[in-house]
Number of protein chains: 2
Amino acid sequence: MTVEWKGPFAFVGLIGGRWALMLLAELTAGGRRYQDLHDGLEGISHKVLTETLRRAERDGLIRRQLDPARTGTANLYELTGLGRSLEEPLAALGRWVEANWDQVEAAQRSWDARAES
Amino acid sequence: MTVEWKGPFAFVGLIGGRWALMLLAELTAGGRRYQDLHDGLEGISHKVLTETLRRAERDGLIRRQLDPARTGTANLYELTGLGRSLEEPLAALGRWVEANWDQVEAAQRSWDARAES
DNA sequence: CTGTATCCTCTTGGATACTG
DNA sequence: CAGTATCCAAGAGGATACAG
């Protein structure tokens, strides 16, 4: 995924990773701490969670700050306005899946069936 | 990218590859032959073009048929109705990039500048 | 708790040669 | 022209240990 995505495809660089979309989904409901994200994104490793967070932060999609509601080292991650503005176009893709995914699976099945000849 | 993308993120399995989006863009204008696609997608190899075409065909996004306008072995690839229905939600992402990409780059620059301390 | 640093594996995609 | 078959390199991501 180390590609120079150009023009209208540039968004792939933001959400193209293995976890980026799921991370954004976790944060749409509100701010989360590192540990909560690690629990919510089942199967993610420390390393990859940190990398994904850092990249989203660098891209301006999320923001990190010391959790004002806690003492100690707890950080709070939350979406920025830029990150929130991505929700609607992504939701449009989600609705497309909702409406059309059965067609995709039907196509795959008939392809696979044909492949057995 | 060998992931079981679930629910609203399933579309990533369709367009997540290095070339899938560019391939669909090539085909929105109309049917194309293999050689034209190979020329249009600058830098793609035979192998990867074939893989990308086969996967999109398996997913029901594109269709392949013998070019009716030519003799010989020329194949014609074109979008199916399912593939065309993906255009609008993807265009929404394209518009988001158009409207917000400068903010993304600004965030990256200020992050990188801060990283030099 | 919230990370960073290594090491390692597996997949993607590129180069190239060959086939109908 | 339109692929298929191999071989290979690069990089993303996982496991684990260590640190503030």
Side-chain angles (χ1 to χ4, degrees), chain A residues 1-5 9 12-23 26-27 31-59 62-78 111 114-115 117, chain B residues 1-5 9 12-23 26-27 31-59 62-78 111 114-115 117:
Chain A
M1 203 71 64
T2 309
V3 185
E4 281 281 323
W5 295 98
F9 306 134
V12 181
L14 303 185
I15 63 172
R18 168 80 175 74
W19 297 98
L21 276 174
M22 284 181 267
L23 172 64
E26 284 286 322
L27 292 177
R32 286 272 193 294
R33 292 183 305 113
Y34 185 91
Q35 190 61 36
D36 297 334
L37 291 169
H38 192 265
D39 296 343
L41 302 174
E42 199 127 355
I44 198 172
S45 66
H46 281 303
K47 176 200 167 196
V48 176
L49 175 54
T50 299
E51 284 173 354
T52 305
L53 285 167
R54 289 297 164 279
R55 202 173 79 180
E57 196 182 352
R58 185 183 110 102
D59 293 337
I62 68 176
R63 163 196 318 134
R64 173 174 43 157
Q65 55 185 2
L66 281 181
D67 188 337
R70 295 174 62 98
T71 55
T73 58
N75 279 338
L76 186 71
Y77 293 91
E78 55 186 0
W111 175 278
R114 197 171 303 115
S117 57
Chain B
M1 202 72 64
T2 309
V3 185
E4 281 281 323
W5 294 98
F9 307 133
V12 180
L14 304 185
I15 64 172
R18 169 81 176 72
W19 297 98
L21 276 173
M22 285 180 266
L23 171 65
E26 283 287 322
L27 291 178
R32 286 272 194 293
R33 292 183 305 112
Y34 185 93
Q35 190 61 35
D36 296 335
L37 290 169
H38 192 264
D39 295 343
L41 302 173
E42 199 127 356
I44 198 173
S45 65
H46 281 302
K47 176 199 166 196
V48 176
L49 175 55
T50 299
E51 286 173 352
T52 305
L53 285 167
R54 288 295 166 281
R55 202 172 80 178
E57 196 181 352
R58 184 184 110 101
D59 293 336
I62 68 176
R63 163 196 320 132
R64 173 174 44 157
Q65 56 186 3
L66 280 182
D67 188 336
R70 294 174 62 98
T71 56
T73 58
N75 279 338
L76 187 70
Y77 293 92
E78 56 187 0
W111 175 277
R114 198 171 303 117
S117 56

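Every value quoted in this text rests on a predicted model; they were computed, and no experiment measured them. These numbers come from the heavy atoms of this one structure, side chains and all, not from hydrogens, waters or symmetry mates.
Going from atom CD1 of I15(A) over to atom C1' of dA12(D) covers 17 Å, rounded to whole Å. Rounded to an integer number of Å, the gap from CG of L49(A) to C1' of dA5(C) is 16 Å. In this structure, E4(B) atom CD and dG13(D) atom P are separated by 17 Å, rounded to whole Å. One interatomic measurement links the two molecules: CZ of R54(A) to P of dA12(D), which rounds to 17 Å at whole-angstrom precision. Rounded to whole angstrom, the span from the CG atom of L76(B) across to the P atom of dC1(D) amounts to 16 Å. Atom CD in E57(B) sits about 13 Å away from atom C1' in dG3(D), given to the nearest Å.
Shown here for R55(B) and L14(B), the closest heavy-atom pair between the two residues is NH2-O, 4.0 Å.
Under the 4.5 Å side-chain criterion, counting only non-hydrogen atoms from C-beta, R54(B) is in contact with W111(A). Contact check for L53(A) versus L37(A): side-chain heavy atoms found under the 4.5 Å cut-off.
Taking every side-chain heavy atom of K47(B) into account, dG13(C) is the closest of dC1(D), dG13(C), dG3(C). Among dG3(C), dG14(D), dG3(D), the nucleotide with an atom closest to any side-chain atom of S45(A) is dG14(D). For R18(B), taking side-chain heavy atoms from C-beta onward, the closest of the listed nucleotides dG13(C), dG3(C), dG13(D) is dG13(C). Looking at the side chain of R33(B), the nearest of the listed nucleotides dG3(C), dC7(D), dA2(D) is dA2(D). Relative to the side chain of T50(B), the nucleotides dG14(D), dT4(C), dG3(D) differ in distance, and dG3(D) lies closest. Among the nucleotides dG3(C), dA2(D), dG3(D), the one closest to any side-chain atom of R64(A) is dG3(C).
In this pair, H38(B) and H46(B) present their aromatic rings parallel. The plane angle is below 30°, not in the 30 to 60° band.
Note on N75(B): every side-chain N or O is 4.0 Å or more away from OP1 and OP2 of dC1(D). An OP1 or OP2 oxygen of dT4(C) is reached within less than 4.0 angstrom by no side-chain nitrogen or oxygen of Y34(A).
For the pair H46(B) and E51(B), both in contact range of DNA chain C, the more 5′-proximal nearest nucleotide belongs to E51(B). Positionally, the nearest nucleotide of DNA chain C for D36(A) lies more toward the 5' end than for the other of I44(B) and D36(A).
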Side chain to side chain contact (heavy atoms under 4.5 Å, CB included) between I62(B) and Y77(B), worked out: CA-CA 7 Å; I62(B) 68 176; Y77(B) 293 92; 4.1 Å; yes
